[in-house]
Amino acid sequence: MGTIVVAYDESAPSQRALERAADLARRYEDTLVVTSVIPVWIGGGVDGRPGPELRQAGAKVEALGVPFELVEAIGDPGQAIVEVAEAKDAQLIVVGTREPSLVERLLGMSVSEHVQRQAHCDVLIVH
């Protein structure tokens, strides 16, 4: 039994990633860790309780009967996802991807690119 971390932000790609990760967790009897990242530029902090975004993801996973944990993170999204995976000793990270905007391309890597380059475990990018 292992651990799968999935990044969730209510976007269509992350919803597909959540479904794929839940399916894999069910098939291989793994625990699913669903994380959502509060970007650093919004400010504030994490109070230990999952926000509405994570509660929504939790309801979806619970309906599938997959064991899960919700982890709210704060900071740079790509780095925070990798840190959650390392803290949970994950064997797999699942992230969604989409076509970046022109501004996003000019500013650098996407979250999924950052995760795939920095993670110390396997990464599944769901299109």
Side-chain angles (χ1 to χ4, degrees):
M1 189 160 181
T3 301
I4 298 172
V5 169
V6 60
Y8 185 78
D9 67 3
E10 293 183 315
S11 67
S14 76
Q15 289 178 22
R16 289 190 298 273
L18 180 67
E19 291 166 6
R20 180 70 57 88
D23 181 53
L24 289 169
R26 183 177 47 252
R27 285 180 192 218
Y28 297 104
E29 299 179 356
D30 289 339
T31 298
L32 186 61
V33 175
V34 184
T35 188
S36 181
V37 181
I38 300 169
V40 106
W41 59 82
I42 290 178
V46 177
D47 64 6
R49 295 176 301 181
E53 196 170 81
L54 270 182
R55 288 194 305 268
Q56 178 189 34
K60 290 180 181 186
V61 175
E62 186 172 35
L64 298 171
V66 175
F68 70 95
E69 177 183 354
L70 302 176
V71 176
E72 196 87 63
I74 189 165
D76 172 73
Q79 188 59 39
I81 293 165
V82 171
E83 289 171 2
V84 168
E86 288 175 357
K88 298 297 179 179
D89 196 27
Q91 288 72 45
L92 178 67
I93 301 172
V94 182
V95 292
T97 189
R98 59 180 173 73
E99 185 63 35
S101 69
L102 176 61
V103 172
E104 289 169 325
R105 277 185 256 155
L106 292 173
L107 292 177
M109 292 186 294
S110 70
V111 171
S112 59
E113 287 174 334
H114 181 88
V115 170
Q116 78 167 348
R117 288 193 172 117
Q118 299 299 317
H120 296 113
C121 63
D122 292 335
V123 177
L124 172 61
I125 299 175
V126 179
H127 292 275

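Computed from a predicted structure; not experimentally measured.
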Requested in this report: Begin from the C-alpha positions of Val6 and Ile93 and carry the test side chain to side chain contact (heavy atoms under 4.5 Å, CB included) through to its verdict.
Outcome: CA-CA 6 Å; Val6 60; Ile93 301 172; over 6 Å; no
Atom pair [atom1] ([X]) and [atom2] ([Y]), whose distance is rounded to the nearest 0.5 Å:
X	Y	atom1	atom2	value
Tyr8	Ser36	OH	OG	9.0 Å
Glu86	Ile81	CD	CD1	12.5 Å
His120	Asp89	NE2	CG	12.5 Å
His114	Gln79	NE2	CD	4.0 Å
Gln116	Asp122	CD	CG	12.0 Å
Lys88	Glu83	NZ	CD	13.5 Å

Of all the heavy-atom pairs spanning [X] and [Y], show the shortest one and how long it is.
X	Y	result
His127	Arg16	O-NE, 3.1 Å
Ala25	Ile4	N-CD1, 3.7 Å
Thr3	Gln91	N-OE1, 2.5 Å
Ala21	Leu32	CB-CD1, 3.7 Å
Val37	Gly75	CG1-O, 3.5 Å
Gly96	Ala17	N-CB, 3.6 Å

Report task. Sequence neighbours left out, what pairs pass side-chain hydrogen bond (donor to acceptor under 3.5 Å, both in side chains) with at least one residue falling in residues 22-34? Result -> Asp23-Arg26, Asp23-Arg27
Requested in this report: Would you check if Val61 and Leu18 make a side-chain contact, meaning some heavy-atom pair closer than 4.5 Å?
Outcome: yes
Query raised in the report: Is the shortest heavy-atom distance from the side chain of Leu24 to the side chain of Leu124 under 4.5 Å?
Result: yes
Among the clusters formed by ILVMFWY side chains lying less than 4.5 Å apart, do [X] and [Y] turn up in the same one?
X	Y	answer
Phe68	Val94	yes
Leu54	Ile74	no
Leu92	Val66	yes
Val126	Val33	no

Report task. Spell out, as yes or no, whether a donor-acceptor pair under 3.5 Å connects the side chain of Glu10 to the backbone of Glu53. Result -> no
Query raised in the report: Between Glu72 and Gly51, is there a donor-acceptor pair closer than 3.5 Å when you use the side chain of the first and the backbone of the second?
Result: yes
Requested in this report: Go through the steps to decide whether Val71 and Val34 satisfy the test side chain to side chain contact (heavy atoms under 4.5 Å, CB included), and finish with yes or no.
Outcome: CA-CA 6 Å; Val71 176; Val34 184; over 6 Å; no
